[in-house]
Number of protein chains: 2
Amino acid sequence: MMSTPRPRRSDATREAIRLAARERFAANGYERATIRAIAADADIDPAMVMRYFGNKEKLFAAAAEFDLRMPDVSAVPTGRLGVTLAAHFLGRWESDETLNALLRAAVTHPAAAERMREIFASQVATFAATILPDPTQATARAALISTQMLGAALCRFVLELPPVAAMPREELIAWLGGTIQRYLTAARP
Amino acid sequence: MMSTPRPRRSDATREAIRLAARERFAANGYERATIRAIAADADIDPAMVMRYFGNKEKLFAAAAEFDLRMPDVSAVPTGRLGVTLAAHFLGRWESDETLNALLRAAVTHPAAAERMREIFASQVATFAATILPDPTQATARAALISTQMLGAALCRFVLELPPVAAMPREELIAWLGGTIQRYLTAARP
DNA sequence: GTCTATAATTCGATAGAC
DNA sequence: GTCTATCGAATTATAGAC
């Protein structure tokens, strides 16, 4: 039986690198986030980054681990599922820059795009299957919801399209919530 | 009075470079689209690219000129505006890879993001103002429509999220059309 | 564990011959 | 107009001293 390993001192260094990498990937995308800049942010020698993570690919994989933490909606009235989910997604985006890092990297880096697809399949689609009766419909409806939430995040946080970035949070959630509600409950068009 | 200049032979070369650049920017984003690769695609010496366009920034600007060609909807019934616009956007995306180039580049390159904002302001928002009575509402509603269409294109063409990429074109247009229709005509939530 | 030095590429951009 | 040669900078990654 294995006991929990005592935290080594190096774990703090490793975590500092990981956090700095996440910030850089979120701000600059994959290519422009250089190991040198990440090391400088973490106040660590660039060679240490290579020692801890092997190469840039593996560093990104470690920095882009992400859990959407889909909420428990068992107590949410059916009619309020849309706004509940819209608020949850927006909250996750604002509280964890990993999603920004993933999106910025996924657009030019195939491995990051694959990670996005994994997150969709294992977290969004799985969640949708628990609240939608028809499992075949669940995947398509989860995908439609993803198009709207990713598009909103893209316009608000990445492109910073003025009307989207300036829209009050509650108003945006109300609009997006209505769309998600429709994707969840409307009949197939 | 100026007469139309006779096409010089060099114009063909210039256009070949521009088209190759558009393809590379669309496929790889700004950073990974190298001048060397673009020149190789166009079967032209890399030095010629610099001679014709000065630098990479200006080459991108030339390759990313784009017209959404918003349709004339004066004869479209109000209830079908949503699907009409959804079909138009999707068609433009499929017929002109400039939009893909813009999106891929905009996520990591500030100048490309600025171009996206310009296109929204000068083409999408302007169009919305012609079909929506309240001008203050028009900008916000145009922005919401953009979040949905950009998100759909992102998932279908860039991330290639399987359920979105595999969804039949007509079914996708029907779903998106309903959302756009709602953003155009629904009361503020 | 930490850091210096540097290898090996690759890129944008320039100079200049023809 | 076209192309060769190359500069100078930046990058990932490695080797090895301490």
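For the numbers below, each heavy atom of this structure counts, side chains included, while hydrogens, waters and symmetry mates do not. Proteins come first, then strands; the chains are lettered A, B, ... in the order of their sequence lines, and each starts at number 1.
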Mind telling me whether His109(A) and Tyr30(A) have parallel, tilted or perpendicular rings, with 30° and 60° as the class edges? parallel
Is any side-chain N of the basic residue among Glu94(A) and Arg169(A) closer than 4.0 Å to the acidic one's carboxylate O? yes
Between Phe53(A) (CZ) and dT14(D) (P), how many Å, whole number? 16 Å
Which of dC3(C), dC3(D), dG1(C) is nearest the side chain of Asp45(B)? It is dC3(D)
dG16(C) P sits how many Å from Arg51(B) CZ, rounded? 15 Å
Whole-Å distance between dA13(D) C1' and Ile38(A) CD1? 14 Å
Can you find a pair of side-chain heavy atoms, one from Leu144(B) and one from Met167(A), that are under 4.5 Å apart? yes
Considering only nitrogen or oxygen atoms on both sides, find all protein atoms under 3.5 Å from nucleotides 11-14 of chain C and state each distance.
unit_1: dG12(C); atom_1: OP1; unit_2: Lys56(B); atom_2: NZ; d: 2.9
unit_1: dG12(C); atom_1: OP2; unit_2: Ile35(B); atom_2: N; d: 3.1
unit_1: dG12(C); atom_1: N7; unit_2: Arg36(B); atom_2: NH1; d: 2.7
unit_1: dG12(C); atom_1: O6; unit_2: Arg36(B); atom_2: NH2; d: 3.4
unit_1: dA13(C); atom_1: OP2; unit_2: Lys56(B); atom_2: N; d: 3.1

Does the side chain of Phe120(B) come within less than 4.5 Å of Pro163(A)'s, by heavy atoms? yes
When you check the gap from the basic side-chain N to the acidic O, do Arg188(A) and Glu171(B) get nearer than 4.0 Å? yes
Between Arg22(B) and Glu97(B), is the closest basic N to carboxylate O distance under 4.0 Å? no
